[in-house]
Amino acid sequence: MLRAVMSRLVVAVLVAVTVSVVGFSLLRLSGDLAAELAGEAATPAEIESMRVKHGLDRPLPLQFLDWTRALAKGDLGRSLFSNEPVAEMILQRLPVTLQLAVYALIVSIVLGIPLGMLAAMHPRSWIDRLSLVTAVLGQAVPSFWLALILIVVFGVMLRWTPISGSDTWAHFILPTATLAASALPGLMRLTRSGMLEALSTDYIRTARAKGLGERTLMAVHALPNALLPVLALAAVQLGTLLGGSVIVESVFALDGIGLLAYRSILRGDFPVVQSILIFVALVYTLLTLIADLANAFIDPRIRLG
Amino acid sequence: MSDEVLPEPRWRIHLRRARRHTGFMAGAIIVAIAAFMAIFAELLMPHDPYLQDLSKRLLPPIWDAAGTWTHPLGTDHLGRDYLSRLIIGSRVSLIVGGLATLIAGLIGATLGLLGGYYGGRIDAVIMYVVAARLSLPGILTALALLAVIKGSLVSVVAVLGFLLWDRFALVVRSATQQVRAQDYIAGAVAVGTTETRILWKHVLPNILNPLIVVATLEMAAAILAEASLSFLGLGVPPPTASWGLLVSEGRNFMFFKPYLIALPGALIILLVIAINALGDGLRDLASPVDSGES
Amino acid sequence: MITLRFLVLALGLLLASDAIAGKRSNTLEFAFQRETDFVDRIHTDSRESSLLSSAIYDTLLYQDPATGQVTGLLAKSWTWVDERTLDLDLREGVKFHNGDAFDADDVVYTVGFVIDPQNRLRQQESSFLFVKAAEKLGSHKVRLTLNRAEPVAEFQLAARFIMWPAKYTQAQGHMIHATRPVGTGPYRAREVAPGKGITLTAYEGYFDGPKPKAKIPTVNIRIIPDLQTQVAELMAGRLDFAQDMPPDQAENLRLNPALKVLYGDTIRITFLSFDTAQRAGESALKDERVRRAIAHAIDRDAIANRLIGGGSKALLAQCHPAMNHCAQDLPRVAYDPAKARELLAAAGQSNLTLNFAAAIDLKTVAEAIQGYLTAVGIRTRIETAPLPTWRTNFLGGKSQMSVLSWGGGGIYDTSAALPVFFDGGNADYARDAEVSDWIKQASSTMDQTRRAQLFRQALTRIADKTYTVPLYTNTANYVMTSEVDYTTTRVDVPVLSQIGWK
């Protein structure tokens, strides 16, 4: 057990390091950082002095060490566009993205789990078909397109919701719906298959044979077994949603890290892009690790091996 | 070959069963139409999709009172024929979907095969590579990479190929593990067959089914990803007509000419559903026959 | 189901009352399409910084947006001692937003800052460097000495010479004006969030001068790069004023009774810049014939009339026809694709690929030009970026071919259109020393006949060598809710403090 946990931890740390290397290379590939830092009217001599000042003339591995040292202290550098500290920019916008991701996750759990359960309990019924159609559409409808359609219908035709910005809770309605539509199918289908599997296990059959009511059966026996992997998926989904909110945020001009990343990409502001990429990757890795470990601790059937 | 592929009758069985599988047939027909459009676009298009005529900007489609059959779906903001652009758009979707899947499939299948067959350290390393890949947020990474290497059809294919191989690796790995455990592999090893030959002749054919199913899923994912990237302005560059780019261009007029976003969007959705249905169909068709044999 | 419908309805009502724009809330919701890195016109000269500067800061002199006449603003009155000496009497009792009193020290400090070449301000040469020094003659009296006679000095002083509070700026560094600007203008900046938006509140202590006092207590400027979002917000009543709406969209919006549309002339022009000087590396654009071929390949009338619309006109020369000394009788380069192909063949460039840069708001124009060039066999790779990024690349010498627009600071003189792009500085991609010299002479003599002759010479050379392809005149297209009270002026950005409610 302990060994398994250790190996998961080692992989997570390795992944974190790898992701940092990827991010660092992206920044170096994006152009001459010294020239960017020196500004648009700089002379070659000024660019060189900037290069020396920021240690950009040193060998890459040493630069990487400098950079990780700064990273460990929470110093992500400064934006080339606004000259603000990148860490501050991300922290300022994180609540918006976090809110959006959590709302979307809650919506997909609240809708997805009951729908998946009902579908499992009544195979081939209309609700099962509905869940299937939802799943198919959820996977096939591009989120940018869904976002535009929601804007046309609810923002302009019906005028129920705001369509851009992040000032009030109402601004989150359409983005949440769009994002939830992409997270819902996975959770729903996993609940359904988990339930089906649980319902066909021996001990459920035994319990049923003993005459336990269908409702008790569901609540006490089938559900917990079916839900474990769903919760693990939910944790992982949260990470995916954090990274996946870039499209939704840019269509709805929701001022979170996704929009910041998109605008920074357009501006060629790679210190920001790189930091967001690494940040999201680290959060994802952490969430996956937690999900793995939690699964292992809670579920006696899965022993990490 | 002789130990996997049965002679003629099996083909017939497959075909008969396929015909009866509605999802598979519907998917296959739609994908075939899209492929036909993409291949023979030049013959189908009423106009040159890149020919602009500013004096014919934003002409209405045929269902509008002012529409004409010269431009059945009207023209876009630069006076280019919209129907022609929709038709040629299928080419970008299928090229990106196909090639990116191919690249992803090669990377993923190789890694999965190696990990699943050899296990141990090699498997651990491969699982770590998969974990690292999974931790990178897909669209965000693709956008950042494309911003650095500049969007073009080739770079979009390459970036998506390098981002979509994880599911291939996982599925092929577990399928290989199952095959590896079979007696005949042990038998082959015992009679001194080389590893390359075992992987190529025995393992690969047996994991083809899951591979194809994953390929359809990834192709759908690649098409969606291309559309998203083009929509955000970092995918295929203008004037190339891609369905995602058409939605992006139609966006400015979406309240007054909603069909400019509705049509390309609907085509994307239709194609993605069709490819998914094709994949599901293949899985359904493949499973019972195989399970009876292996 | 009935309950569901009721819930949805209730939710809708709840949210509808949440809309914050309009007269009732007394907040003007105003959209920018482009981001700006600075809100002050000293650091950068753009439409966005012009608009914000006139709200937050005051210049020494004021150009009336309706008549074009120059009157005093922070300077009450001024007298020319001679061609190169100007004495200004400053307005007394003016206070900056932070409470500091405005006096001669602020003028001496700010002028000293803008004329210091070390500060490397954008377009510093053409906007500021005609001034040699500022000298304090009394607590509210300053003398400006000029390096040369400047025919449009008064217009220049009304353009980018906004006044900073000396003490505040010295203490905080000049970059403080990017995030916490302090001026004397009718609006004070409550919040500046780069890339997101700016909130302005009326400055109660604003003096009675030629520039109107703020009429609306709060102005909320939001950066909404997507036109479609602007349109949606306008239709949903959550935006009061949009300023860059293409006539296509504007005409559709006109059908909405809650909105009104205004078109106005500007002296902004849009043109194509070629890397003749090969600053971005070697390219076919060095060849005059290739540049001329591109000029022949583009149908400027179609772009002006069909694509831009709203009264835009095709340009004949590298300046706006309404500017003084903008010659309108130069030989016309006709739209002639066959001729273009011929020239390309003669230059041995029948298989040419060019990099083509544009700020995002000019993407459609860039695509139209791309279409024309494709038709004569020139492939282009369009690279669009937000304005600040595009500009950094352009000024950094990385542009092979760019489409750009230039407003000349609202000055009705050809000297506002030419120098920046032909003075040998970082926006000059032609690097023709003679042209630079002619323009320099024209910009420093008061003899109008001589000026006309020099500008004609420069414009003729620019056209002959096809250093640029002048495309079209820009129009100001405003869409606003019918509650808004505003009439267009000759300046291409609205004066915020003129905007009120009906």
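Naming: A, B, ... by sequence-line order, numbering from 1 per chain. Any value given below was found using the heavy atoms of this structure, including those in side chains, with hydrogens, waters and symmetry copies removed.
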(message) Apply side chain to side chain contact (heavy atoms under 4.5 Å, CB included) to residues Leu224(B) and Gln139(A) and explain how you reach the verdict.
(response) CA-CA 9 Å; Leu224(B) 280 176; Gln139(A) 278 165 358; over 6 Å; no

(message) Which atoms of Ala131(B) are under 4.5 Å from chain A, going by heavy atoms: the side chain, the backbone, both sets, or neither?
(response) both

(request) Measure Val236(A) against the heavy atoms of chain B and call it side chain, backbone, both or neither at under 4.5 Å. (result) neither

(request) May I ask you to name which of Ala124(B), Pro137(B), Ser135(B) has the most heavy-atom pairs under 4.5 Å with chain A? (result) Ser135(B)

(message) Please classify the contact of Val152(A) with chain B as side chain, backbone, both or neither, using a heavy-atom distance under 4.5 Å.
(response) both

(request) Select one option (side chain, backbone, both, neither) describing which atoms of Tyr128(B) are under 4.5 Å from chain A's heavy atoms. (result) both

(request) Using non-hydrogen atoms and a 4.5 Å limit, figure out which bit of Ala277(B) sits close to chain A: side chain, backbone, both or neither. (result) neither

(request) Count the heavy-atom pairs under 4.5 Å between each of Phe270(A), Tyr284(A), Phe144(A) and chain B, then report the option with the highest count. (result) Phe144(A)

(message) Between Val141(A) and chain B, with a heavy-atom cut-off of 4.5 Å, which part of the residue counts as in contact: side chain, backbone, both or neither?
(response) both

(message) Surrounding CZ of Phe162(B) (heavy atoms of other residues, nucleotides or ligands, distance under 6.0 Å), is the total greater than 12?
(response) no

(request) Please determine, among Thr288(A), Leu277(A), Leu266(A), the option with the most heavy-atom pairs under 4.5 Å with chain B. (result) Leu277(A)

(request) Could you tell me whether the side chain of Ile269(B) reaches within less than 4.5 Å of the side chain of Pro142(A), counting heavy atoms only? (result) yes

(request) Pick whichever of Ala225(B), Pro258(B), Ala262(B) has the most heavy-atom pairs under 4.5 Å with chain A. (result) Ala262(B)

(request) Could you look at Leu234(B) and say if it's the side chain, the backbone, both or neither that has a heavy atom under 4.5 Å from chain A? (result) side chain

(request) Go through the atoms of Arg251(B) and report whether side chain, backbone, both or neither lie under 4.5 Å from a heavy atom of chain A. (result) side chain

(message) Can you tell me how far apart CD1 (Ile268(B)) and CH2 (Trp145(A)) are? Round to the nearest 0.5 Å.
(response) 9.0 Å

(message) For chain B, which candidate among Thr240(A), Leu148(A), Val10(A) shows the most heavy-atom pairs at distances under 4.5 Å?
(response) Leu148(A)

(message) Restricting to non-hydrogen atoms, name the atom on Ala261(A) and the atom on Leu140(B) that form the minimum distance, rounded to 0.1 Å.
(response) CB-CD1, 3.6 Å

(request) Count the heavy-atom pairs under 4.5 Å between each of Gly233(B), Ala144(B), Ala220(B), Ala147(B) and chain A, then report the option with the highest count. (result) Ala144(B)

(request) List the atom of Ile151(A), the atom of Phe255(B), and the distance in Å for their closest heavy-atom pair. (result) CG2-CZ, 4.1 Å

(message) Please rank Ile276(A), Val22(A), Val156(A), Val17(A) by heavy-atom pairs under 4.5 Å with chain B and give me the top one.
(response) Val156(A)

(message) Looking at every non-hydrogen atom in both residues, tell me the closest pair between Val148(B) and Leu29(A) and how far apart they are.
(response) CG1-O, 3.7 Å

(request) Say whether, by atom type as modelled, one donor and one acceptor occur between the side chain of Tyr262(A) and the main chain of Leu232(B) under 3.5 angstrom. (result) yes

(message) I'd like to know which of Asn276(B), Ile139(B), Val129(B) tops the heavy-atom pair count under 4.5 Å against chain A.
(response) Ile139(B)

(message) Is it true that, when you exclude Phe24(B) itself, more than 12 heavy atoms of the residues, nucleotides or ligands shown sit nearer than 6.0 Å to its CZ?
(response) yes

(message) I'd like to know which of Ile247(A), Leu282(A), Val11(A) tops the heavy-atom pair count under 4.5 Å against chain B.
(response) Ile247(A)

(request) Report the C-alpha distance between Ile273(B) and Leu137(A) in whole Å, list the side-chain angles of each, state the deciding distance to 0.1 Å, and finish with yes or no for side chain to side chain contact (heavy atoms under 4.5 Å, CB included). (result) CA-CA 8 Å; Ile273(B) 291 181; Leu137(A) 283 179; 4.0 Å; yes

